[in-house]
Amino acid sequence: MNWEEIRKKIYYVDDDYIRDVISFHLQDGAWDSIYKHISNNTLFHIKDDMNLEKNSDAIITIFFKDFPLLRWYLNNEKILEMDIDARFVNSESVHLSICKLFTDISNLLSNDIYIVDDIIREHPLVLMEFIPMKTPKVLKHIKYLDMELDNCW
């Protein structure tokens, strides 16, 4: 898929500018691993040091260069829940950086990660998936997450 097709499929801003990122069944210590990975990344960063254990129900803003691109919700240690602010995904290079970050995290945690249209729906539409040790994939066919099966809220 070329950049214009990806932009229209994933980062459209017609309905909402937020794209949800979700992964279930995280192992103990996963949040610490994610935090360390982001802290060591040159393109993504978190401005303030945080103690993840004392900040349950907190929101961490993750910056791409100087843009507040991602929000990480610390609601449940078994779930990776983030939002992508699609307004800042204005080029293929930003998209590729997002893909690299989530590919790295997927490989680090050995967990599937999904970008979905709206996590609040019972069956969110999967727009993109990151499977450990595989190339990230923008889905060309329709796939929904079954929140009843994956749910560990």
Side-chain angles (χ1 to χ4, degrees), residues 6-7 9-132 136 138-139 143-153:
I6 292 169
R7 186 184 63 76
K9 183 167 180 75
I10 298 176
Y11 305 110
Y12 55 90
V13 293
D14 297 342
D15 64 339
D16 190 3
Y17 61 89
I18 300 298
R19 293 296 155 253
D20 293 307
V21 177
I22 194 86
S23 182
F24 300 101
H25 312 294
L26 300 183
Q27 300 297 317
D28 291 341
W31 280 5
D32 288 324
S33 296
I34 295 167
Y35 186 85
K36 286 176 188 170
H37 178 76
I38 293 169
S39 296
N40 293 327
N41 193 303
T42 57
L43 293 176
F44 291 91
H45 64 278
I46 299 167
K47 288 196 175 183
D48 299 317
D49 288 335
M50 297 194 82
N51 181 339
L52 299 179
E53 292 176 17
K54 293 182 181 178
N55 284 298
S56 62
D57 294 331
I59 300 171
I60 296 175
T61 301
I62 302 168
F63 291 82
F64 175 75
K65 300 182 181 177
D66 291 326
F67 301 104
L69 184 61
L70 303 168
R71 282 180 301 281
W72 179 10
Y73 298 92
L74 304 176
N75 298 322
N76 180 331
E77 289 186 44
K78 298 297 179 190
I79 299 173
L80 170 65
E81 183 181 358
M82 292 185 178
D83 289 337
I84 300 171
D85 190 328
R87 296 173 299 179
F88 297 117
V89 187
N90 53 13
S91 70
E92 186 175 22
S93 66
V94 176
H95 166 71
L96 293 174
S97 296
I98 290 169
C99 289
K100 170 107 174 71
L101 177 68
F102 287 123
T103 297
D104 289 349
I105 292 173
S106 175
N107 290 336
L108 180 70
L109 303 179
S110 296
N111 275 74
D112 297 351
I113 298 174
Y114 304 98
I115 296 177
V116 299
D117 65 338
D118 186 352
I119 201 64
I120 295 172
R121 293 186 331 161
E122 186 175 339
H123 298 286
L125 177 64
V126 177
L127 304 172
M128 189 166 186
E129 61 186 7
F130 303 86
I131 308 298
V138 176
L139 298 185
K143 176 179 178 178
Y144 296 95
L145 278 185
D146 188 345
M147 298 301 284
E148 292 175 14
L149 295 177
D150 288 325
N151 198 346
C152 56
W153 309 74

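Throughout, residue positions are numbered sequentially from 1 according to the sequence presented.
Within the 4.5 Å cutoff, the side chain of Y17 has no heavy atoms near those of the V89 side chain. Here the side chains of H37 and L101 are in contact, with some heavy-atom distance below 4.5 Å. By the 4.5 Å heavy-atom criterion applied to side chains, S106 and N111 are not counted as neighbours. Using a 4.5 Å heavy-atom threshold, the side chains of Y114 and P124 count as separate. Contact annotation: the side chain of L70 never approaches that of F88 to less than 4.5 Å [non-hydrogen atoms, C-beta and beyond]. Side-chain contact between L26 and L80: present, with at least one pair of heavy atoms (C-beta onward) separated by less than 4.5 Å. By the 4.5 Å heavy-atom criterion applied to side chains, I115 and I84 are counted as neighbours. Two residues are said to be in side-chain contact when any heavy atoms from C-beta on lie closer than 4.5 Å; F130 and C99 meet this criterion.
Between the CH2 atom in W31 and the NZ atom in K78 there is a gap of 10.5 Å [rounded to 0.5 Å]. Atom CG of L145 sits about 10.5 Å away from atom CG of D20, to the nearest 0.5 Å. Interatomic distance, NE2 of H25 versus CD1 of I79, reported as 8.5 Å (0.5 Å rounding). We find the CD1-CD1 distance between I46 and I38 to be 4.5 Å, quoted to the nearest 0.5 Å. Here CG of L69 is found 10.5 Å from CG of D83. Values are rounded to the nearest 0.5 Å. Going from atom CE of M128 over to atom NZ of K143 covers 13.0 Å, rounded to the nearest 0.5 Å.
Taking all atoms of both residues into account, the shortest heavy-atom contact from I10 to R19 is O-NE, 2.7 Å. Across S33 and L108, no two heavy atoms sit closer than the pair O-CD2, 3.6 Å. Nearest heavy-atom pair across I34 and M82 is CG2-CE, 4.3 Å. Looking at every heavy atom in both residues, F102 comes nearest to I113 through O-CD1, 3.7 Å.
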Show your reasoning for whether side chain to side chain contact (heavy atoms under 4.5 Å, CB included) applies to L74 and E81. CA-CA 7 Å; L74 304 176; E81 183 181 358; over 6 Å; no
Audit row: L139, E129, side chain to side chain contact (heavy atoms under 4.5 Å, CB included) steps and yes/no: CA-CA 7 Å; L139 298 185; E129 61 186 7; 3.6 Å; yes
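Dense packing is recorded around NZ of K9, with more than 12 heavy atoms of other residues, nucleotides or ligands lying under 6.0 Å away.
One finds a salt bridge joining K100 and D104 here, because a Lys/Arg side-chain nitrogen approaches an Asp/Glu carboxylate oxygen to under 4.0 Å.
In terms of the side chain to side chain contact (heavy atoms under 4.5 Å, CB included) criterion, residue partners of L96 (sequence neighbours excluded) are, by chain and number, E92.
With no hydrogens or angles considered, no side-chain donor-acceptor pair links Y11 and N90 at under 3.5 Å.
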Check residues 58-66 and write down every donor-acceptor pair under 3.5 Å in which the side-chain atom is one partner and the other belongs to a residue at least two apart or another chain.
none

